Amino acid sequence: MSFAAVPVLLFLLVAASSSPSAVADDALTAYEALAAYNFPAGILPEGIVGYELDKSTGKFRANWNGSCSFSLEGSYQLKYASTIRGVISENKITNLSGVSVKILFLWLNIVEVVRYDKELGFSVGIASASFPIDNFYECPRCGCGLDCNGVKVSKLRTNLFVSSI
């Protein structure tokens, strides 16, 4: 089973928490908060309207105005709920909810993202896939991904490593 749809999700996800005392630092965007944990901004699509991050626990929540979905290279489909949640730490996002990828005919939830040097690994629990980190330097856009108005932002490179647990 090919699991290449995960590149942008992940993409999946950044920084914010359900704790009211954990409101994000006004000086940082959600994308800059990702960088503080060694993740590229492109694991999240453009358009985050708010996020919260509890730096003591790593719990985060990120919000869009509505859900966000797009395709990459015409064959990988990703979907972000209007709110995504998870726990972020250096090089790792766990307990992720709100991000899913279409594999064949099934939508599967991406539950974990791990950075391994120059690659990002995405897990749906029963399978995982790794992609080169430079696939995630540009943020995809809701509705059109990395190819909007006929202008390709970047070309997705797959370096598939699929494993089952």
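Given the structure is predicted, the values throughout are model-derived calculations rather than measurements. All heavy atoms count here, side chains included; hydrogens, waters and symmetry mates do not.
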Ile84 CD1 to Ser100 OG distance, which is reported to the nearest 0.5 Å:
11.0 Å
Using 0.5 Å steps for rounding, measure from the OG atom of Ser71 to the NZ atom of Lys79.
11.5 Å
Roughly how far, to the nearest 0.5 Å, is CG of Leu34 from OG1 of Thr29?
8.5 Å
ILVMFWY cluster, Tyr116 and Val124 together (side-chain gap under 4.5 Å)
no
List in chain and number order the residues that pass side chain to side chain contact (heavy atoms under 4.5 Å, CB included) with Thr83, two or more places apart in sequence or in another chain; answer none if no residue qualifies.
Arg61, Asn63, Arg85
Say you draw a straight line from CG of Asn135 to CD of Glu119; how long is it, rounded to the nearest 0.5 Å?
9.5 Å
Among all residues two or more places apart in sequence or in another chain, which pass the salt bridge (charged side-chain N to carboxylate O under 4.0 Å, His left out) test with Glu46?
Arg141
From CG (Leu120) to OG (Ser128), nearest 0.5 Å
12.5 Å
My understanding is that only residues two or more places apart in sequence, or in another chain, count here; which of them pass side chain to side chain contact (heavy atoms under 4.5 Å, CB included) with Asn38?
Glu90, Asn91, Arg115
Those residues at least two apart in sequence (or on a different chain) that pass side chain to side chain contact (heavy atoms under 4.5 Å, CB included) with Ala81 are none
Joint cluster assignment, Phe122 & Tyr37, ILVMFWY side-chain distance < 4.5 Å:
yes
Answer yes if Ile133 and Ile88 sit in the same cluster of Ile, Leu, Val, Met, Phe, Trp and Tyr residues linked by side chain heavy atoms under 4.5 Å apart, and no otherwise.
yes
Verify the cluster assignment for Val99 and Trp107: are they in a single hydrophobic cluster under the rule of side-chain heavy atoms below 4.5 Å apart?
no
Listed partners of Lys92 passing side chain to side chain contact (heavy atoms under 4.5 Å, CB included), at least two apart:
Ser89, Thr94, Glu112, Val114
With hydrophobic residues grouped by side-chain heavy-atom distances under 4.5 Å, do Leu104 and Leu108 end up in a single group?
yes
OG on Ser123 to CD1 on Ile93, rounded to 0.5 Å
12.5 Å
